[in-house]
Every structure is written in C-alpha cells, then in structure tokens.
Number of protein chains: 2
Amino acid sequence: MRLIEQVTGETFRFDPGVGRITGSASAEAAARAPAIRSSGFPTPLHRRRIESLKMGQTLFLDGDPGDDVFQIVSGTIRFVSVQLDGRRMIAGFAVGGEAFSISHRGHYLYTAEAASDCQLRRMTRRELAADGTRGFIVDRLEREAWALQGEMLLLLHKDSDESIGHFILRMAERLAPGMAEGTRFRLDLSRADIADYLGLTVETVCRGIRRLRTQGILLTEGPHLFAIRNLAALRRWAGDAESGI
Amino acid sequence: MRLIEQVTGETFRFDPGVGRITGSASAEAAARAPAIRSSGFPTPLHRRRIESLKMGQTLFLDGDPGDDVFQIVSGTIRFVSVQLDGRRMIAGFAVGGEAFSISHRGHYLYTAEAASDCQLRRMTRRELAADGTRGFIVDRLEREAWALQGEMLLLLHKDSDESIGHFILRMAERLAPGMAEGTRFRLDLSRADIADYLGLTVETVCRGIRRLRTQGILLTEGPHLFAIRNLAALRRWAGDAESGI
DNA sequence: CGGAGTCTTGAGCCTCGTCAACACGTGTGG
DNA sequence: CCACACGTGTTGACGAGGCTCAAGACTCCG
C-alpha cells in the first residue's frame, strides 16, 4: 500500500560549484505541499480521532503507562531518552504513513515528541486487533523493536560519513517510497535531531552532508530539502546492504 | 528465581601498584567451577534435550528459518552479524540461566555462536507456551528486542571509558545475581568479542580495563577473572542509571 | 526589517584507531 | 622434559577522525 504522494521526477538546475539545488520557487512549494492523500486510507477509522501536535510538543513521556498505537498522517515524531548527565539520545523517528507504539508491558519506553508539526491517528490495541484491514500496522509494530535495534547496531559500527550516508539513504526510502535517483524529499528534522540520533555532534553532521554535496552524491536546497544525485555512490558511501528487516 | 551459584564474599590480596588480584589457586579453581546448580530447575523438561556446543561452534545462522527458544545451562552465546565489508558486529550475549530466541516471523535475525563451551536447553515455541512454569522465559523473550535496543542506544552515545565501564557493570549483574562490592566473576569473552560488541578495538578495550584497574575500581586476575572493588565509582565511571528493562 | 534560533565553517585539541612489538598461556612435537 | 609455534592479550608511538570552541551566515519569525 502506498500512502504517500511524493514529488518526483522533476528536473532542476544544479550548480556544480557548491552542489546546491537552484530550482524554481513553485517546485519548492510543491515539495512542501501536504504529503498525504487522505483518500488512500481504507477503513472506517478514517478521519476519526486525528490528533494534532505543534513542533516540540510531547505525545507521551518515557515511562508513562499506556500502549496505544499511533499512525502518522503528516509530520515527524522523534523517540527521545535523556541520560543522567543530560545528554539527549534519540532512539528513532516515525514519518508520514508509519505506525508506532514503542511500548512494552503497558508502558512507553521513550518520550515521543513532534519533531515538526504533526497529525496523528490514535488507536487502542483493542481497536487495532478488531480491525482486520490493519494487518500491515500489526506487522510494523511487531518488528519495531528489532528495526530500531538493527539500526542502532549499524550506527554503532559506522564512522561519521557512513552513518550520515546511511541515514540519508534510509530516510529517503521512507519519505519517498519508490525512491530513485533524482527523487526529492523534505527531511523535517533539525541537525541536532539527526546528531542525537547518530551519536554525533551537529557540526559533524553538517560537515558530513557537505561532503556528500561536494562529492556530487547529494543535492541540497536549504537545510531540509534534499535530492539524491548518485544513488549507487550513496549506497557505497553508506557501506550498506539493501535495507533489511 | 536464582539459577546461578556464584562465588562471593571472598577476601583476596590486592597489589595497589598494578591492581591485580593475587588470590590463592584454590579460590581461582572455585571461580572456574561449574556455575549451575542443576537442582534449581523446576520442570519436567529438566535434563531433556540438552545440546552442547564447543567454543566457536554455530547454533544457527542469521536468516535461517526457525524460532526455537534456548535456555543457557552453562557458557556464553554471542549474537553476530557481519557487515558487507567484513567487519563483525555483535548484537549481544546470553549467559548462564538466560533465555533467547532472537527470531522474528520464523527467522533468526543474528548468527548465534558459542563464545565459550556451552550447554543449552532447546524448546519449541509450542512447548514453551504449553509449559505454565516457564512464564519467566516468556517475559524475557518479549523484551529481548527492547533490551538489546536499549543497550545499543546507550553504547552509541557513550565514549570508550563509559562503554567499557557500563559493560563490566552489566555483565557483573548478569553473571553474579545479587552482585555487590567485592563480588568476583568470570567473563568468558575474548577482548575481540567485547570490542565488537562495544564498537571499539581490542586495544581500546584493553586500555579501558587497565584504566579501571589503575583507578582502583576493578581487580583482574588474568584476562577473564574480575572483581569489582568500588561499585559506586564504577557506576559513576559508566555514567549509568540503575539497569532498566 | 530586525532578532532569535538554526545552520555552517574554521582552528585546535583530544580520543580512539592503526601499526608494531612484546608478553603470556597453551598445545604440540622432539 | 624442553623448544617452539600459535593465539590472545597488553602496551607504546603515532596519526586521523570527530569534538569543542568560536565566529559568521542563513532562515524563519514577528
């Protein structure tokens, strides 16, 4: 099932000197347009219990009782944990179309915050089990822990360039299903969010992205708009197999 | 339930110059003794289907079909994955008394190898579900993915000293339940195994352990015998909260 | 247009990886 | 019994990668 309408196949000018996209204003406007085709949702739950969060707001806290399931209509959620010394760790993200719960035995394991303005559909476990059309959500929930674990394991063993390349690649796949060379996507995360996920500093993330640009692998327009210019090179850069799990 | 008999409460001489244990040969022999009180197992499955693995042997391979559950009688199992470029990543370990399956949707997610000579009890999911006395195993399996994920997240955000301290602390807790200051334990892992788990090199692991010794936090006798000399300092060193999950 | 926050870039330092040498324990063969 | 080889562990010297600190540019607001 393809939930997300993505802006693809455009042509845009490229300045080889800096590797920045210099597309028209209208193209950018299109890329910022709402990402969800609401007609794509198949069930009577459609339009029920949509919750909105402003950027930075908290959905639930680490340790809170609860095991509800959320599906993202638009925006990006981050899963956060804070160390004793105050360092912030991000365990993962969820983007449009994806579902999450990150709960175990009736408690949420991480704090969920809106990394950008968000719309969510909330379901109880009971509702989810009763709705036979939502098997794909059940699937995703069953593997969410292993998916997050597998990503963490990779990041722990990659250097900064590999981590950043891997991250861009994975987010492109998730934000633009059917992603191909030239696909444009908007990543609504701050450099700090990316850094706290990859276990790096914002400065290192910036430099890594710049290196991807100067290598001709990535195009950027502003901090949040990306286009992959050389997919094969990006995969090599990331030192990656095709996505697992 | 306490499955493991542990050698505790001994006194041994300590050479402050190097921080090495200089205990008697008999004490060491006791620490090497079999760790399992077989009378501790409560069910008729006792003594059934015990499998033995020599150090280095493989229990199952990453991607193999299967979802059997294993409980470790003695020894240590490591969960391994290999990168495209050949780097070895270790996702976790299981030690005496613990249970694991690391399977999802009928396939094992990592290769399981004996990090030391091992004895295992194998159960099918069906047997496990039918045996009401084994609820503690079901509990553990449900959280195994989250447990591994949580550890990976911590390690990703810790520097080498913190990672090594954290690792020693966690393994002490697991190998010596009720671990207290002075508890002695045997860690049957090579420095390479530790390094591939923490995302470090063997040299860095060696230096980290030495630093724990020279700080008066840890005692060592040979590469595999440890005793915690200052628990509070170790916790501070590791930058850790009490163990979660 | 101005201000706050975010992003980017540079300079310098420190941690950790690399390479190399040596120590130690164990098993094997003479 | 010793000599030797081999694998593992330990330590040192050195360099590269990533963090810190600092300054400036850009974005997004009002």
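The shown structure was predicted, so the numbers you read here are calculated from the model rather than taken from an experiment. A note on names: the letters A, B, ... follow the listed sequences, proteins ahead of strands, and every chain is numbered from 1.
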task = Measure the distance from CG on B:L189 to P on D:dT8 and round it to the nearest whole Å.
result = 13 Å
request  = Estimate the overall bend of the helix from C:dC1-D:dG30 to C:dG30-D:dC1 from the end axes over five pairs each, rounded to 10 degrees.
outcome  = 30°
Distances under 3.5 Å between protein N/O atoms and the N/O atoms of nucleotides 12-14 of chain D, please, pair by pair.
from   : atom 1 : to     : atom 2 : distance (Å)
D:dG12 : OP2    : B:R210 : NH1    : 3.3
D:dG12 : N7     : B:R207 : NH1    : 2.9
D:dG12 : O6     : B:R207 : NH2    : 3.4

ask   = Does anything in residues 74-93 of chain A pair up under ring-ring contact (aromatic ring centres under 6.0 Å, His included), and if so which pairs, sequence neighbours excluded?
value = A:F79-A:F100, A:F93-A:Y197
message = Holding to side-chain hydrogen bond (donor to acceptor under 3.5 Å, both in side chains), I want the full list of residues that pass it with A:R87, two or more places apart in sequence or in another chain.
response = A:D85, B:E162
request  = Starting at atom CD of B:E221, determine the distance to atom P of C:dC24, rounded to an integer number of angstrom.
outcome  = 15 Å
note = Here the distance between atom P of D:dC19 and atom CZ of A:R191, to the nearest Å, is 16 Å
query = Contact class for B:G199 (heavy atom, under 4.0 Å): base, sugar-phosphate, or nothing?
reply = sugar-phosphate
message = Any residue in residues 156-163 of chain B with a heavy atom nearer than 4.0 angstrom to DNA chain C? Just list them by number, or reply none.
response = B:D159, B:S160
Set of residues satisfying side chain to side chain contact (heavy atoms under 4.5 Å, CB included) with respect to A:H157, sequence neighbours excluded = A:L153, B:Q83, B:M89
query = Under the side chain to side chain contact (heavy atoms under 4.5 Å, CB included) test, which residues partner B:I228, sequence neighbours left out?
reply = B:A172, B:M179, B:F185, B:L218, B:L231, B:L234
ask   = Taking only residues two or more places apart in sequence or in another chain, which ones pass side-chain hydrogen bond (donor to acceptor under 3.5 Å, both in side chains) with A:T204?
value = A:T201
note = Contacts of A:R207 meeting side-chain hydrogen bond (donor to acceptor under 3.5 Å, both in side chains) (sequence neighbours excluded), chain-then-number -> none
What side-chain donor-acceptor pairs closer than 3.5 Å can you find for residues 53-64 of chain A, not counting sequence neighbours?
from  : atom 1 : to    : atom 2 : distance (Å)
A:Q57 : OE1    : A:K54 : N      : 2.7
A:D64 : OD2    : A:L61 : N      : 2.9

message = Nearest whole Å is fine: how far is D:dG7 P from B:D193 CG?
response = 16 Å
inquiry  = I'd like to check the salt bridge (Lys or Arg N to Asp or Glu O under 4.0 Å) partners of B:E144; sequence neighbours left out, ordered by chain and number.
reply    = none
inquiry  = Counting only side-chain heavy atoms from C-beta out, which of D:dT11, D:dC19, C:dT8 sits nearest to B:R213?
reply    = D:dT11
remark   = Residues passing the side chain to side chain contact (heavy atoms under 4.5 Å, CB included) test with B:A192, sequence neighbours excluded, are B:R88, B:S190, B:V202
message = Distance check, rounded to the nearest 0.5 Å: A:M152 atom CE versus B:L156 atom CG?
response = 5.5 Å
message = Tell me the interatomic distance from A:D188, atom CG, to C:dT6, atom P, rounded to whole angstroms.
response = 14 Å
remark   = To the nearest angstrom, the CG-C1' distance between A:L225 and D:dC28 comes to 15 Å
inquiry  = C:dC16, OP1 or OP2 - any side-chain N/O from B:T204 closer than 4.0 Å?
reply    = no
key: C:dC16 phosphate, OP1 or OP2, under 4.0 Å from B:T201 side-chain N/O   = no
Non-hydrogen side-chain atoms of A:E151 and A:H166 separated by less than 4.5 Å = yes
ask   = More 5' along DNA chain D: B:H224 or A:L200, using each one's nearest nucleotide?
value = B:H224
ask   = Between atom CG in B:D196 and atom P in C:dG17, what is the gap in whole Å?
value = 11 Å
ask   = Atom CG of A:L198 and atom P of D:dG17: how far apart are they, to the nearest Å?
value = 18 Å
Rounded distance (nearest 0.5 Å) linking atom OG of A:S74 with atom CG of A:D117 = 8.5 Å
